[in-house]
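Reminder, nothing fancy here: chain letters follow the sequence lines and each chain counts from 1. Just the heavy atoms: all of them, side chains too, but no hydrogens, waters or symmetry mates, feed the values below.
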Amino acid sequence: MADGQRDSADSEGAVSLDLEELLSAHGDRLLRSAYLLCGDETEAQDLVQETFLQALKSRHRFRGDSVVYTWLHGILRNLSHRHLRKQKRLVFEEELVLRQASHPASANGADQGFCAATLAQALQKVSREHREVIVLRYYEDLKIHEIARQTGVSNGTVKSRLFYAVRALQQILPQEMNLFVPEGTYNQSTQ
Amino acid sequence: MNCQEFNERLYEHLDEALPTNVQAAAREHLQLCEDCRRALEREKVMAQFLDSSLNLATARLSISPELRRRIVETPRVRPMAPRIWSLIWQWFALKSIRFAGAAAALLVAILLFVGLHNHPHPAAKSPSPVAPNNNLEICVIDVPFYTETHLLQQQDGHVLDTISSSAAVGHALLFESTQ
């Protein structure tokens, strides 16, 4: 998925930190991740812009120990923390309610686009720690120990957060989108 | 390995991050345990569902030409400072608020000191430099002045933020004698 994209700008011993290259290789991915973390497209753009500026300012600190994308994502994550502390999050509750009201629940599940939009919105309703761990694990495809390193907590804490994060999501999502209830996605996919 | 031990290591098993012997024990347990096989399958399905849904939800987002221009052009305006200056600036920025407060206090103290010492004392016992003269008239002109100290964060000639501000009022006393 994004692995090829991530590794394209990395080469052992000679890490290219050219801004244009970084933008082409990681810009879109970072923007999407920022959107999932903050829930607003304009704020996501600002976060990405600030991420690249910070990256350029602190490029001397990048030793090539991790892939460039992971480093950039770490900066983005820190910025989004600061951003969320400064500004109360905007949650698209109104839009979500409208969508739920206008979209009839069907026994065999909603269409993919609706599921995706609803999930992204539901993600904004869980706590920052839970949202972060979901994004890192299931969107960024990071391993448990990589998430632990990025977030500065133990492997056990990451696993615990994942467990409660998924449970929190299941409580927010509409019934037909809940993964493991009788009419949920998992049971349909295994029938 | 029992079910509880497997569940505790489920994520690491998927990540293939377990030591070889533990990974082998986990595989062995899976062959024997239907519940753990289902738990593993559920996690895989959920991961796939979340991955595809989150990718779909954000697929429309990409770096626009405008955002690219904003990102690329900003750092060009101001070349990167060498590391040592960057570190000094970081240290200074941390201390800046205390520094600004101390500077404002010092300024007020200086103004008070200067103001008190230059103020004409009508009942001063010390001999006046000007000999008493009935025709002598001393005019004191008090010129108040207002000073502001701002510590600003600037980038490319634009003020991004005000870190601290302080203000003080001082008095310049001008003496004039007329005969």
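Looking at D28(A), its side chain never comes within 3.5 Å of a backbone N or O of L61(B) through a donor-acceptor pair.
Other residues, nucleotides and ligands contribute over 12 non-hydrogen atoms within 6.0 Å of the CD atom of E5(B). With a 6.0 Å radius and a threshold of 12 heavy atoms from other residues, nucleotides or ligands, Q4(B) has its CD atom at or below the threshold.
The cluster map of Ile, Leu, Val, Met, Phe, Trp and Tyr, joined by side-chain heavy atoms under 4.5 Å apart, puts Y139(A) and L56(B) in different clusters. No path of Ile, Leu, Val, Met, Phe, Trp and Tyr side chains, each step under 4.5 Å between heavy atoms, connects L112(B) with I110(B), placing them in separate hydrophobic clusters.
Residue contact with chain A, scored on non-hydrogen atoms closer than 4.5 Å, is absent for L10(B). For chain A, the nearby part of E8(B) is the backbone; its heavy atoms alone come within less than 4.5 Å. In this structure, chain A has a heavy atom under 4.5 Å from the side chain of L67(B), while its backbone stays farther away.
The pair K143(A)-E16(B) does not count as a salt bridge, with every side-chain nitrogen at least 4.0 angstrom from each carboxylate oxygen. Taking the charged nitrogens against the carboxylate oxygens, R137(A) and D15(B) do have a contact shorter than 4.0 Å, which makes a salt bridge.
Taking 4.5 Å as the heavy-atom cut-off, the residues of residues 157-165 of chain A that approach chain B are K159(A), L162(A), F163(A), ordered by number.
The distance from the OH atom of Y138(A) to the CG atom of N55(B) is 14.5 Å, given to the nearest 0.5 Å. Of the inter-residue distances, the one linking L119(A) atom CG with F49(B) atom CZ reads 5.5 Å to the nearest 0.5 angstrom. In this structure, the separation between CG on L53(A) and CD1 on I71(B) is 7.5 Å, given to the nearest 0.5 Å. If you take CZ on R69(B) and CD on Q49(A), they are separated by 9.5 Å, rounding to the nearest 0.5 Å. Atom-to-atom distance recorded for E140(A):CD and D51(B):CG is 10.0 Å, nearest 0.5 angstrom. For the atom pair CG (L169(A)) and CG (L50(B)), the distance works out to 7.0 Å, reported to the nearest 0.5 Å.
Counting all heavy atoms, side chain and backbone alike, R32(A) lies closest to S62(B) at NH2-CB, 4.4 Å. In terms of heavy atoms, S53(B) sits closest to A116(A) at O-CB, 3.1 Å.
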For this session: May I have the step-by-step check of side-chain contact (heavy atoms from CB on, under 4.5 Å) for L123(A) and L54(B), ending in yes or no?
Result: CA-CA 10 Å; L123(A) 200 57; L54(B) 295 177; 4.1 Å; yes
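Counting heavy atoms from C-beta outward, S24(A) and R68(B) have side chains that approach closer than 4.5 Å. Between R60(B) and E41(A), some side-chain heavy-atom pair lies under the 4.5 Å cut-off.
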